[in-house]
Amino acid sequence: MAITLADPRLERPGQLGGHGLFACVLVLAAALRVLVMLGYDTARLYWYDSFTYLDTAVHMKPQGAFHPAGYSWFLWALRPFHSVELVVGVQHVMGLGVGVLIYLLLRRQSLPGWGAAPAAAPVLFDPAFVRLEHAVLSDLQVIFLIVAALLVLMWRGEVSTRAAAAAGLLLALAGLTRTATVPLIGLAALFLLLRASWRQAVALTVAGALPLLAYAGWYAQHHGRFALSGSDGVALWARTMTFADCSIIKPPARQAVLCPNGTVLDAASEYVWDPRTSLNRLPGDRFAHNDLARSFALNAVAAQPLDYLREVAANTALAFTWEPVAHPKRMSPSTAFTTGQWPLPTGHALIDKVRDEYDSDIRGMRSVEPFASILAAYPYPWFLHGTLFGVLLLVGGVGAVSRRRLVPLPWSFAVFLLIGPVVALDFDHRYVLPAIPLACVAAALTLHRFRSGKDAGRRDVRFTRTGPATPRPSTAPGRQ
């Protein structure tokens, strides 16, 4: 039986099949990760983030500053193996899993294989993602949990109460891995309220809120404050240091000690750590002044809202440049694999403590030949990471504004994950990464819906002119 353009069998929602292209893509992505495991002799560990995560995994006590314990729970589960190399090996598999989740989500929404596979390509082949998988950092876990929650919410046409609750739990785990993602629960609940019903929205909200409340209670037991972390005020204070003018803010005397003291740094996040800043000249630990810093920052934003928005916009724009821009200048952003040695800092008791308690073989990372040279020759231009990301956001924005059915959810997630860290602290190329796969999903859905709409329009025109069952003559009338 012949199938015409109007035949509904051509595009059946949820129909899968024809996975050959993606199978090839996945094999190449897996080969790249094997090469990375061979090209570097151990996991990449960063001071001080990696060691605070590992220390929490051993002692199961929430950190009082930046890092909640979500990622440390993952490290705790792998602790019996006493191997950070195993940790990054599992993370490489999770990175492949993110690509598979994106592909399955888009195929479920009727995209063909050649449309779904490219949307998963950045997370599978961008060296920035692969290097993140090879480091003891929480970012990959955040990306995996958010994409998994998105898949649960978008898998069926109608979201069940059970699926909504599962998505809420996944987003809560993402929030307990990085607190900046907690507002995604509200965005998802709003989406369900507008697209489904209040029952699904409530189920997602409750399932997302309960783990957060439980963690905040655990945090309060150790630090005397019902919260997820103790750094939100310090972070926002640092954000205001790039524009704060106390002659305009007129802070109370108690807050005035946090006014700019003449120290000028090239990025807001630098004000958290530089010993010369006004916060770090106060007695005691910087995070002991978190509440005071928050009060100052809120007054600064209220007094200088346009200056605040200007700084946020300028920093956010760094994500879309054709060439990488160092921010702060001491950092060297790159999507390339590099060769060399990355020794651990000396003189830190925490490093020795983690080495004794988690993995006795913890050491600085170095590249291994000839694999590292092969990786260094791997071409991945920056514009695919930066400028193309901006284009994808614009395409997804068109789909969201034109009220394409599911596009607003991944698109709003991507926009929030891009802007949220800048609003709360500063721009960082690493913080952009969770937004990229969601922007890919939103753009792919938008392009598919517009293409499907054009095809439907062509079929409608043909139907009205000839009718569905009217045969077209093979020759002109009178010449049969």
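A quick note: this is a predicted structure, and the numbers were derived from the prediction, not measured.
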Under 3.5 Å, is there a donor on one side chain and an acceptor on the other for R239 and N315? yes
Using 30° and 60° as the class limits, which term best fits the ring planes of H223 and Y219: parallel, tilted or perpendicular? tilted
Atom CE of M331: over 12 foreign heavy atoms under 6.0 Å: no
Output yes when a side-chain donor or acceptor of Y271 lies under 3.5 Å from a complementary backbone atom of L265, and no otherwise. yes
What I want to find out is whether D139 reaches R178 closely enough, with some N-O distance under 4.0 Å, to be called a salt bridge. yes
Is the F66-F287 ring centre distance short of 6.0 angstrom? yes
If we ignore angles and hydrogens, is there a donor and acceptor under 3.5 Å between the side chains of S278 and N261? no
Counting only heavy atoms not in R310, do more than 12 fall under 6.0 Å of its CZ? yes
Answer yes or no: is there an ion pair linking R355 with D352, defined by an N-O contact shorter than 4.0 Å? yes
For F226, look at atom CZ and say whether over 12 heavy atoms of other residues, nucleotides or ligands are found less than 6.0 Å away. yes
Any side-chain heavy atom of E323 sitting closer than 4.5 Å to one from T321? no
Under 3.5 Å, is there a donor-acceptor pair between the D55 and T52 side chains? no
Contact check, side chains of V87 and F74, non-hydrogen atoms, under 4.5 Å: yes
Check: D232/N290 side-chain N/O donor and acceptor closer than 3.5 Å: yes
Which word best sums up how the rings of Y358 and H82 line up, parallel for under 30°, tilted for 30 to 60°, or perpendicular for over 60°? perpendicular
Would you say F337 and V130 make side-chain contact, with heavy atoms under 4.5 Å? yes
Got R33 and L96 here, is their nearest side-chain heavy-atom distance under 4.5 Å? yes
Rounded to the nearest 0.5 Å, what separation is found between the CZ atom of R79 and the OG atom of S72? 12.0 Å
Criterion side-chain contact (heavy atoms from CB on, under 4.5 Å) against V415, the qualifying member of L417, L418, I419: I419
Under 4.5 Å between any side-chain heavy atoms of L171 and L145, yes or no? no
Has the side chain of R281 got a donor or acceptor atom that lies under 3.5 Å from a matching backbone atom of R276? yes
Under the side chain to side chain donor-acceptor pair (under 3.5 Å) test against N299, which residue among R294, Q255, K250 passes? Q255
More than 12 heavy atoms of other groups within 6.0 Å of W382 CH2: yes
Parallel, tilted or perpendicular: which describes the rings of Y40 and H134, with under 30° parallel and over 60° perpendicular? tilted
Taking side-chain contact (heavy atoms from CB on, under 4.5 Å) as the criterion, tell me which of I436, L124, L140 meets it with F129. I436
Do T240 and Y308 have side-chain atoms, one donor and one acceptor, less than 3.5 Å apart? no
Going by an N to O cut-off under 4.0 Å, is there a salt bridge joining R225 and D291? yes
Nearest 0.5 Å please: distance from the OG1 atom of T277 over to the CZ atom of R286. 7.5 Å
Under 6.0 Å between ring centres: does that hold for Y380 and H385? no
Are P421 and F427 side-chain neighbours, meaning at least one heavy-atom pair lies under 4.5 Å? no
Side-chain donor or acceptor of R131 paired with backbone N/O of A336 under 3.5 Å: yes
Decide, yes or no, whether a salt bridge links R330 with E270 under the criterion of side-chain N to carboxylate O below 4.0 Å. yes
Looking only at side-chain N and O atoms, does D428 offer a donor or acceptor that is under 3.5 Å from a partner on H327? no
Should C440 and I102 count as side-chain neighbours, where that means a heavy-atom distance under 4.5 Å? no
V136 backbone acceptor or donor facing S50 side chain under 3.5 Å: yes
Y48 ring center within less than 6.0 Å of F51 ring center: no
Do V34 and L38 come close enough that some side-chain heavy atom pair is under 4.5 Å? yes
